[in-house]
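Since the structure comes first, as structure tokens, the remarks are kept for the end.
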Amino acid sequence: MRPTTISSLLMPKQKSQTFTRIRAEVIRLVSLIPVGKFTTYGSIAIHMNVVPRHVATVISRLTEEESATLPWHRVVSTNARISQNMPIEIASVQQARLQVEGLSIDAKGYIKNADDHFHVVGVRREIRWTDAD
DNA sequence: AGGGAGGCGCTTC
DNA sequence: GGAAGCGCCTCCC
């Protein structure tokens, strides 16, 4: 997108208002996940009324500062599994950090005793855990 | 188990 | 302006 208006020249980093809002909210929610807990993309998405992809997009495009300060590693895929479509080195970091925080993860990337560590983002919890255990 | 589609929003053509 | 492709996902077949 090229800056062609006065406002875009004044605020070159401003994207669409919608996505900016989504992004800020995702970051806020992630920052609220306590040590030793985790939540899922879908959980955050449901709470915010957006599609999971957008949550993933935000988290995958954090700035260096944000990824350094934000507990992004506490966000995993459905059924408490570490995302498989992620560069292995990043997934390794994520798994290591979670283990440091006291979580057990099996060989397939599933967090053990997920219910004991699941952080409910908001009031709505419409995730299917039926086959989780 | 593996692949396709989907609500949306971004980017590029 | 608008179409097509893409996405640390998820659901459904």
Side-chain angles (χ1 to χ4, degrees):
Chain A
M1 192 176 290
R2 51 182 54 185
T4 55
T5 66
I6 298 297
S7 60
S8 65
L9 289 174
L10 294 175
M11 301 191 291
K13 290 186 178 179
Q14 184 73 9
K15 309 271 182 164
S16 83
Q17 187 187 12
T18 303
F19 199 71
T20 299
R21 201 190 91 257
I22 292 175
R23 180 178 157 73
E25 186 67 359
V26 168
I27 289 175
R28 190 182 73 82
L29 291 175
V30 171
S31 72
L32 295 178
I33 306 172
V35 175
K37 297 280 193 173
F38 75 91
T39 191
T40 66
Y41 298 100
S43 175
I44 293 174
I46 288 172
H47 179 67
M48 290 177 57
N49 225 25
V50 302
V51 296
R53 267 193 291 226
H54 291 164
V55 177
T57 300
V58 169
I59 294 179
S60 68
R61 297 193 169 181
L62 294 174
T63 66
E64 286 189 17
E65 310 173 54
E66 289 166 340
S67 60
T69 57
L70 208 64
W72 56 267
H73 55 280
R74 297 180 195 146
V75 183
V76 300
S77 301
T78 299
N79 292 332
R81 188 183 196 186
I82 290 180
S83 172
Q84 303 297 291
N85 308 314
M86 190 189 286
I88 183 61
E89 59 267 24
I90 299 182
S92 301
V93 171
Q94 178 168 30
Q95 174 166 336
R97 289 193 185 182
L98 290 175
Q99 289 171 330
V100 165
E101 298 183 353
L103 276 63
S104 298
I105 300 168
D106 69 19
K108 294 181 180 176
Y110 287 96
I111 296 175
K112 297 180 182 178
N113 302 317
D115 276 339
D116 294 338
H117 302 282
F118 184 73
H119 170 70
V120 181
V121 173
V123 282
R124 287 185 284 175
R125 180 183 174 186
E126 302 175 5
I127 303 180
R128 303 178 179 181
W129 291 97
T130 50
D131 300 321
D133 295 56

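Order of the sequence lines sets the chain letters (A, B, ...), proteins ahead of strands, with each chain counted from 1. No experiment lies behind these values; they were computed from the predicted model shown.
Per the geometry, CZ belonging to A:Arg23 stands 17 Å off C1' belonging to B:dC8, to the nearest Å. A:Met48 places its CE atom 15 Å from the P atom of B:dC8, with the value rounded to the nearest Å. Between the C1' atom of B:dG9 and the CZ atom of A:Arg61 lies a distance of 11 Å, rounded to the nearest Å. The CD atom of A:Gln17 sits 12 Å away from the P atom of B:dG9 (whole-angstrom rounding). Taking atom CG on A:Leu62 and atom C1' on C:dG7, their separation rounds to 14 Å, with Å as the unit. The interatomic distance linking A:Arg21 (CZ) with B:dC10 (P) rounds to 11 Å, in whole Å. A:Phe38 places its CZ atom 16 Å from the P atom of C:dC9, with the value rounded to the nearest Å. Taking atom CE of A:Met86 as the reference point, atom P of C:dC9 lies 7 Å away to the nearest angstrom.
The shortest distance between side-chain heavy atoms of A:Leu70 and A:Ile59 does not fall below 4.5 Å. Within the 4.5 Å cutoff, no side-chain heavy atoms of A:His54 are placed close to those of A:Met48. Contact of the A:Phe38 side chain with the A:Ile82 side chain is not registered, since no non-hydrogen atoms from C-beta on lie closer than 4.5 Å.
Between the C1' atoms of C:dC8 and B:dT12, the separation comes to 23 Å (whole Å). C:dA4 and B:dA5 are spaced 16 Å apart, taking the C1' atom of each and rounding to whole Å.
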Item to check | Candidate pair A:Arg74 and A:Thr39, rule side-chain contact (heavy atoms from CB on, under 4.5 Å), full reasoning | outcome: CA-CA 6 Å; A:Arg74 297 180 195 146; A:Thr39 191; over 6 Å; no

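The base of B:dG6 lies close enough to the side chain of A:Arg53 for a donor and an acceptor atom to sit less than 3.5 Å apart.
For A:Asn85 and C:dG7, the shortest distance from a side-chain N or O to OP1 or OP2 is not below 4.0 Å. Between A:Ser83 and C:dC9, a side-chain N or O to OP1/OP2 separation shorter than 4.0 Å is present. For A:Thr78, no side-chain nitrogen or oxygen approaches OP1 or OP2 of C:dC9 to under 4.0 Å.
Considering only the side chain of A:Ile90, C:dC8 comes nearest among C:dC8, C:dT10, B:dG9. When distances run from any side-chain atom of A:Ile22 to the nucleotides C:dG7, C:dC8, B:dG9, the shortest one goes to B:dG9. Here the side chain of A:Trp72 is nearest to one of C:dC8, B:dG7, C:dG7, namely C:dC8. Nearest to the side-chain atoms of A:Thr57 among the listed nucleotides C:dG7, B:dC8, C:dC9 stands C:dG7.
Of the options A:Ile44, A:Thr40, A:Leu29, a side chain to side chain contact (heavy atoms under 4.5 Å, CB included) to A:Val75 is made by A:Ile44 and by none of the others.
Using the Watson-Crick or G-U wobble rule with both distances under 3.5 Å, C:dC12 pairs with B:dG3.
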